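Because the structure is a prediction, the values reported are computed rather than measured. Values reported hereafter were calculated over all heavy atoms of this structure, with side chains retained and with hydrogens, waters and symmetry mates removed.
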Amino acid sequence: MDTPNTAPLAGVRILDLSRLLPGPLGAQYLADLGADVIKIEDTQAGDYAPPPLRALCNRNKRGLRLNLKEPEGQAALAALARGADVVIESFRPGVAARLRADYPTLAHHNPQLVYCSITGYGQDGPQRDAAGHDLNYAACAGVADQMGCGPDLPALSNLPVADILGGSLTAAMGILAALYDAQRSGRGRCIDIAIADGLLAAAVVPLATLNAQGDTRPAGADTLSGGLACYGQYRTQDGRYLAVAALEPKFWETLCRRLDRPDLAPLHRHGGAAQQARVRDELQQLFGGRPLAHWLELLEGADCCVSPVLKLAESLAHPQFVARGMPLQTEHPAYGRNTHVASPVKMSGFQFAIHRQAPLPGEHTDQILREAGYSEPDIASLIGRGIAL
């Protein structure tokens, strides 16, 4: 039987030296599952993510500030690494070594340590030192080319798919695999996560098209991006949208019956681009004639894969997500009121909770150094000299 409310990663300690989004969010995924994550920031700029983003990517962590440019700060990190299971960092290649925060240095103190580096392009290759952000990695990985409604209408996603899919989730996957192995073998590993690699590995649908056709289709022209009339978004009379995803014949036929358009049923996924464009125009003219509420009422109970395109605030209030306990409200002393989304990982014997809100920089410095074996006078000395804050 499951032990009630036992966090699966309880007892795992993670040192999170990363900044902004990919590393902090990946570390938070693990903190949400029970790991003790210590967010380590430098004594200058620290993690300069905007406060609203910082609040959403660092819950369930503790905060420490160390000056890793000073030998005593490096010694403090080494002391923390001796009792840690995982280190996550997102410096450019070579920076961690200069700070004595690299894998060989810390693994010398703890051979079982799992060490994860997250960079844009990885630790080797001709672009290893190149600066970049989500859009650059998406462009490099052939994913930006597949965004948008057509060659003249490229789109920028407000969900940073490279950072989260290529960075946060890929890192979490690698860390959990290496952590499992370290507990069996007693040996840690160095994990090299390139955000661009992670996104390239996820581009399976356009890759399938490339393998089958010899090239990808233009943005907006493939099966899942607008090439089929049965799979797309349609504007309603009041400026809202319906998401139609009737890929299977049974769903398409049900939709055509509800719309009283049996003539469209034989035109499901056949006839080439010109016919699909005509069917799309027919549907757009139809849906554009009535407001969203009309279509939701007409299609109520119909098993045809049609949904309203919700705004985020509407999604957070949706009965499905509410029933699943996904939206959560918190009041942070510095960052104000925030809506959080709970961990999407549901499992028996574990109930997710926000035990700590995002720490302020250095909020738990004294506590963490004390746990690492520092005496009160030594902690006061480090703080007084600006080594720790």
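Applying the salt bridge (charged side-chain N to carboxylate O under 4.0 Å, His left out) definition to pairs two or more places apart or across chains, those involving residues 230-246 are Arg240-Glu314.
If you chain together hydrophobic residues whose side chains sit under 4.5 Å apart, Val86 and Met173 never meet in one group. Hydrophobic clustering, with ILVMFWY side chains joined whenever heavy atoms are under 4.5 angstrom apart, groups Trp252 together with Leu286. Note: the hydrophobic cluster containing Leu77 also contains Ile387 (ILVMFWY, side chain heavy atoms under 4.5 Å, direct or indirect links). Under the 4.5 Å side-chain heavy-atom criterion for Ile, Leu, Val, Met, Phe, Trp and Tyr, Tyr234 and Leu292 are members of the same hydrophobic cluster. If you chain together hydrophobic residues whose side chains sit under 4.5 Å apart, Tyr103 and Phe91 fall into the same group.
A donor-acceptor contact under 3.5 angstrom links the side chains of Thr105 and Asp102, judged on distance only. Between the side chains of Arg189 and Tyr115, not a single donor N or O lies within less than 3.5 Å of an accepting N or O.
Residues Asp366 and Ile383 are in side-chain contact: their nearest non-hydrogen atoms beyond the backbone lie under 4.5 Å apart. With contacts defined as side-chain heavy-atom distances shorter than 4.5 Å, the pair Tyr231/Thr223 does not qualify.
At a threshold of 4.0 Å, the pair Glu376-Arg370 counts as salt-bridged, since one of the basic side-chain nitrogens sits closer than that to a carboxylate oxygen. A salt bridge links Asp42 with Arg19; the closest basic N to acidic carboxylate O contact falls under 4.0 Å. We find that Arg13 and Asp85 are not joined by a salt bridge, their nearest charged nitrogen and carboxylate oxygen being 4.0 Å or further apart.
In summary, the aromatic rings of Phe287 and Tyr241 are positioned with their centroids too far apart to meet the 6.0 Å limit.
Residues satisfying the side chain to side chain contact (heavy atoms under 4.5 Å, CB included) test with Lys250, not counting sequence neighbours, are Glu248.
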